Each structure stands twice: as structure tokens, then as C-alpha cells.
Amino acid sequence: MTEEELRRLMDEHGDYLLKVAFFYCKNWGYAEEIVQDVFVKFYVKNEQFKEQSSLRTYLTKMTINQSKDYLKSWRYKKYILFGESVDQAMPDQITKVFHEKIRQNEVLAAIFRLKPTYREVLIYYYFEEKSIVEIASLLNENERTIRTRLQRARNKLKLHKEIIELEGM
């Protein structure tokens, strides 16, 4: 793979992968690092891609795995424990606009409160428009498990919506 091909891949898939990573780690700076790591790993080991799925699906799976590894890391636990933020690296105005958009979108905020297992099925089902069968295959889970997670995620979002409506009264 040439550097030009890598740049094309980054232009084509980078923004989407950044959103996926952000859904997991909830931190823009760490999401950027995760996506960079994914592209570096793919560049070094691109011969492992067997084209059994689309390249986008393959890169998405790599991003999800890298994000899950981050959530298990000491760095993440330190971030949660001490409230350190990498978002300070972003210009203040961009940070304010970004955070304001999150505040305005209650659904997105509610999704962030869900466990990663619920978030990932919502992302695949609603944002990627994947079927239950495809999601089960991607996550190496039983279809019933995926249906259950999807239903529980929907119920949690409904509960959150009802709480917001009660607070607004």
C-alpha cells in the first residue's frame, strides 16, 4: 500500500471512524488517537485484509476493537478518576460549538450514557443501517442477544426521554 492510497482511505473513511470512536470513548482527543492507530495498523498489516467484508466494515471493526481496548486501559480509568481532558488541545471555540451541539441533542447524550454493548448495537442498527443478522455476525454474538440488547437500549432511551419530560414540567 502506498502513502497516496493510505491518504485516500483516510479521506474516505476518517470522519466516519472518528464518530465511531467518539461514541465509545466520549473524548474527541482520544477518538482521534484511536483512529490514527487504526490507520497505522492497517498500513502496516494491510495484507491481513482478506476482503471477506467491505473495507469500511473492516476498518470499523478495527476502530471498535481499538476503542474497547482504550476503555480497558489505565489511561481511560485515570481519565474517569481524575477528570482529565484532552479536549483542551482543541481550540476553545471549536470545543464550545462541539459541546453545545451535544447538549442540544438529548438523544445523543442519552446514547452516551448507555453501556458500550448497547451503544454499539444502536450505532450499527440506526446509523449503519445493518440488519440484526449482520450485527450478530460482526459482533460474533447470537441474533437473540443482539435483539435483546437493541430492545434494552431502546427501553433505556425511552426511560431517559420520560425523565426529561417530567423535569421539563
Side-chain angles (χ1 to χ4, degrees), residues 1-103 105 107-130 134-141 146 149-150 153:
M1 168 174 279
T2 66
E3 285 184 33
E4 172 119 358
E5 291 172 324
L6 179 62
R7 282 195 178 102
R8 184 183 52 76
L9 282 176
M10 291 172 76
D11 289 341
E12 190 175 328
H13 302 289
D15 289 339
Y16 172 75
L17 296 177
L18 190 56
K19 290 173 189 172
V20 170
F22 183 76
F23 268 109
Y24 279 87
C25 68
K26 303 179 200 176
N27 182 295
W28 198 254
Y30 290 143
E32 288 176 337
E33 287 182 34
I34 288 167
V35 173
Q36 286 175 356
D37 289 346
V38 166
F39 281 120
V40 168
K41 285 180 181 180
F42 183 75
Y43 181 73
V44 171
K45 299 180 179 182
N46 64 46
E47 70 279 350
Q48 290 181 353
F49 176 57
K50 304 289 187 221
E51 298 185 31
Q52 294 174 342
S53 62
S54 72
L55 181 57
R56 183 181 190 116
T57 302
Y58 184 76
L59 291 172
T60 301
K61 186 66 176 172
M62 285 180 70
T63 303
I64 289 170
N65 289 338
Q66 192 75 18
S67 298
K68 287 179 179 179
D69 288 346
Y70 164 73
L71 292 176
K72 294 176 192 172
S73 72
W74 165 248
R75 187 176 189 185
Y76 174 72
K77 291 173 183 164
K78 181 179 158 192
Y79 168 74
I80 294 299
L81 184 63
F82 297 110
E84 297 173 4
S85 178
V86 174
D87 285 341
Q88 295 168 354
M90 295 172 62
D92 289 339
Q93 191 169 4
I94 294 173
T95 303
K96 287 177 186 175
V97 169
F98 184 74
H99 288 294
E100 184 60 32
K101 285 185 178 184
I102 289 175
R103 281 186 213 104
N105 189 341
V107 174
L108 186 58
I111 289 172
F112 283 151
R113 289 185 191 104
L114 297 175
K115 291 180 181 178
T117 54
Y118 296 136
R119 262 187 269 153
E120 69 188 352
V121 295
L122 288 173
I123 291 167
Y124 279 133
Y125 191 78
Y126 290 106
F127 296 101
E128 279 290 303
E129 298 179 356
K130 300 243 183 245
E134 291 172 318
I135 297 169
S137 174
L138 282 169
L139 299 177
N140 295 324
E141 295 284 354
I146 299 303
R149 286 181 186 171
L150 192 56

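Computed from a predicted model, the values in this text were never measured in an experiment.
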Given Val121, Thr57, Ile146, Ile123, the one that forms side chain to side chain contact (heavy atoms under 4.5 Å, CB included) with Lys130: Thr57

Qualifying residue for side chain to side chain contact (heavy atoms under 4.5 Å, CB included) with Val38, from Met10, Glu33, Lys61, Gln66: Gln66

Atom CG of Asp15: over 12 foreign heavy atoms under 6.0 Å: no

Student check: side-chain heavy atoms of [X] and [Y] closer than 4.5 Å:
X      : Y     : value
Tyr124 : Val20 : no
Arg8   : Glu12 : yes
Asn27  : Glu32 : no
Tyr16  : Thr60 : yes

Minimum heavy-atom distance between Gly14 and Val35, given as atom pair plus value: O-CG1, 4.3 Å

Minimum-distance pair of heavy atoms, taken over all atoms of Ala31 and Cys25: N-SG, 3.6 Å

Which distance, rounded to the nearest 0.5 Å, do you find between the [atom1] of [X] and the [atom2] of [Y]?
X      : Y      : atom1 : atom2 : value
Leu6   : Phe42  : CG    : CZ    : 8.5 Å
Ile135 : Asn140 : CD1   : CG    : 13.5 Å
Lys19  : Thr63  : NZ    : OG1   : 13.5 Å
Phe39  : Arg7   : CZ    : CZ    : 13.0 Å
Leu59  : Leu17  : CG    : CG    : 5.5 Å
Ile34  : Ile64  : CD1   : CD1   : 11.5 Å

Criterion side-chain contact (heavy atoms from CB on, under 4.5 Å) on Leu114 and Phe23, from CA distance to verdict: CA-CA 10 Å; Leu114 297 175; Phe23 268 109; over 6 Å; no

Check: Tyr24 ring centre within less than 6.0 Å of Tyr70 ring centre: no

For Arg149, all residues meeting salt bridge (Lys or Arg N to Asp or Glu O under 4.0 Å), sequence neighbours excluded: Glu120, Glu141

